[in-house]
Amino acid sequence: MKRLVSYWLRHRVIFALLTVAALVFVLDAPSMSGQWMSSVAYAQSGSLEDKLMAEAQKRQVSQFNPEAALQKRIFADGFVPNSPEFSLQQDGVAYAAQRAESLTNGAVRVYYVVSGDWGNVSVAERGKTGGNALGETLLREGEKRLALRFNPNAALQKQIFADGFVPNSGEFGVQGSDGSYLAQRAENLANGEVRVYYAVVGDWGNIHAAARDASGVARTITPAPSTAAVVGPTTGQAFGRLLCALPGTTDYANEHVAPRAGVPIQLLKRLSGDTWQVAYRTVTDADGRWRFNNVAPEKYIVNHGQVGFFRFIWPDDIKEVRAGSVVDFGEHRDACP
């Protein structure tokens, strides 16, 4: 006991300093960078919306600034920029330029100014340069700098434009806990709002959007304006995953399995007793995952296999899909064929 007291007395200054430092850190934490604190929360939550927002930030290919000289003219003409600003020199003159497209007729233009002369914006339009050397050079350079292709008929972009937003990333994939998603970042030019539009791969009729609310939390807008909800009031969803043991292994531990892609999946509903009927069909994706949207309320089991030969994944695992529910049939691990 005397030794402990003696040790504490010799080192009491160090203990005091450590205690004060710890208190300062704890008390000061709320006033530290809110962005840092939020980033930690987002990383810990690991929600689909957080994944979408984080990945979209990495994929952004153009910065919208309606007050910049070139973009101000671009938007005033009803065009949308799809390249970053770039520099070009011709005949000893330096120019700043940016490629843009019309979403109504597909016209392609490069807007440009003599560097520093931001009040005099000129335009070179594809097919209308009259052979002007500067115009042709700018259009060729604009093609090299193209960062995003617009397609108003693509499912995501169709919804983006319908909502008054403009895409500023390409389409990209995100793997959620319940399936694979295709997504695209977009901004509202009037208020700067950022959204990430997304859909389950293959289910292009059900588009949602993720955005941060006033407190900075990423949430899904359900439904996105002008679209139907993924889960309607009278249907549910079902999903699962198919894995197989690698050759030469004798167990189904995580390090010894691989996803089975392209395998037919059947969702069967009970007619009566032990009589079942195929209600829905799909195939597993590259990660071995399968998913059915808009599933009618009923009790189901799952089959998997090749054409002409199916077997029950879980013959005794009967699950009920209810209206508005999302039912996880879990993972099935089997021997690789």
Side-chain angles (χ1 to χ4, degrees), residues 42 47-66 68 70-71 74-75 78-87 97-111 126 138-176 178-212 218 220-221 224-227 230 261 285-287 289 291:
Y42 296 152
S47 69
L48 173 63
E49 290 85 354
D50 288 324
K51 289 181 181 179
L52 288 165
M53 299 298 288
E55 188 63 26
Q57 200 65 21
K58 300 175 189 175
R59 303 293 186 125
Q60 183 178 355
V61 294
S62 60
Q63 298 277 351
F64 293 138
N65 180 9
L70 293 177
Q71 289 194 31
I74 288 170
F75 291 126
F79 280 62
V80 180
N82 58 352
S83 85
E85 286 190 9
F86 58 90
S87 300
Q98 192 164 21
R99 188 188 193 276
E101 286 187 28
S102 167
L103 301 178
T104 56
N105 59 22
V108 174
R109 291 179 177 177
V110 172
Y111 288 76
R126 181 188 290 170
L138 286 164
L139 286 166
R140 282 195 300 272
E141 190 63 26
E143 289 304 304
K144 296 177 185 177
R145 305 298 184 112
L146 176 63
L148 175 64
R149 292 196 178 277
F150 295 132
N151 180 7
N153 292 319
L156 293 178
Q157 289 194 35
K158 190 172 185 179
Q159 185 62 55
I160 288 170
F161 292 127
D163 291 350
F165 282 65
V166 178
N168 60 351
S169 83
E171 292 182 346
F172 58 89
V174 168
Q175 185 63 49
D178 57 351
S180 300
Y181 295 84
L182 192 69
Q184 192 163 22
R185 188 185 194 277
E187 287 187 27
N188 184 301
L189 300 177
N191 58 24
E193 181 185 352
V194 175
R195 291 182 182 177
V196 182
Y197 286 77
Y198 68 96
V200 175
V201 172
D203 188 14
W204 309 121
N206 293 312
I207 309 295
H208 278 225
R212 296 208 184 281
T220 288
I221 299 169
S226 305
T227 64
V230 171
D285 64 15
D287 199 37
R289 301 179 188 277
R291 184 187 186 97

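When all heavy atoms are compared, the tightest approach of Ala183 to Val196 is CB-CG1, 3.9 Å. Between Ile160 and Ala186, the shortest heavy-atom contact is CG2-CB, 3.7 Å. Contact detail for Phe79 and Phe75: the closest heavy-atom pair is O-CD2, 3.5 Å. Residues Met53 and Ala210 share a closest heavy-atom pair of SD-O, 3.7 Å. Annotation for Phe64 and Pro167: closest pair CZ-O, 3.6 Å, computed over non-hydrogen atoms.
Put simply, the side chain of Gln98 gets close to the backbone of Ser83: a donor and an acceptor are under 3.5 Å apart. Side-chain atoms of Asn168 do not come within 3.5 Å of backbone N or O of Gln60 as any donor-acceptor pair. At distances below 3.5 Å, not a single donor-acceptor pair connects side-chain atoms of Glu49 with backbone N or O atoms of Ala211.
The existence of a salt bridge linking Lys51 and Glu55 is excluded, since no basic side-chain nitrogen approaches an acidic carboxylate oxygen closer than 4.0 Å.
With sequence neighbours left out, Glu143 forms a side-chain hydrogen bond (donor to acceptor under 3.5 Å, both in side chains) with Arg99, Arg126. By the salt bridge (Lys or Arg N to Asp or Glu O under 4.0 Å) test, Arg185 is found to be paired with Glu187, residues two or more places apart in sequence or in another chain being considered. Listed by chain and residue number, nothing satisfies the salt bridge (Lys or Arg N to Asp or Glu O under 4.0 Å) test with Glu85 (two or more places apart in sequence, or in another chain). For Glu193, the salt bridge (Lys or Arg N to Asp or Glu O under 4.0 Å) criterion is met by Arg195, not counting sequence neighbours. When the ring pair (Phe, Tyr, Trp, His ring centres under 6.0 Å) test is applied to Tyr181, the partners found at least two apart in sequence or on another chain are Tyr198. Among residues two or more places apart in sequence or in another chain, the side-chain contact (heavy atoms from CB on, under 4.5 Å) test is passed with Ala147 by Val61, Pro84. Scored by the salt bridge (Lys or Arg N to Asp or Glu O under 4.0 Å) test, Glu171 finds no partners at all (sequence neighbours excluded). For Ser180, the side-chain contact (heavy atoms from CB on, under 4.5 Å) test picks out Gln175, Val201, Asp285, with sequence neighbours left out.
Going from atom CZ of Arg145 over to atom OG of Ser87 covers 7.5 Å, rounded to the nearest 0.5 Å. Interatomic distance, CG of Leu138 versus CZ of Phe86, reported as 6.0 Å (0.5 Å rounding). Atoms CD and CG, from Glu101 and Leu148 in turn, are 8.5 Å apart once rounded to the nearest 0.5 Å. Rounding to the nearest 0.5 angstrom, the gap separating the OH atom in Tyr197 from the CG atom in Leu52 is 13.0 Å. Atom CD1 of Ile207 and atom CD of Gln157 lie 11.5 Å apart (nearest 0.5 Å). With rounding to the nearest 0.5 angstrom, the CG atom of Leu182 is 12.0 Å from the CG atom of Asp203.
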Inset, instruction - List the steps and the verdict of side chain to side chain contact (heavy atoms under 4.5 Å, CB included) for Leu146 and Asn82. - result: CA-CA 6 Å; Leu146 176 63; Asn82 58 352; 3.3 Å; yes

Inset, instruction - Evaluate side chain to side chain contact (heavy atoms under 4.5 Å, CB included) for Val200 paired with Asn206, printing each intermediate quantity in order. - result: CA-CA 8 Å; Val200 175; Asn206 293 312; over 6 Å; no

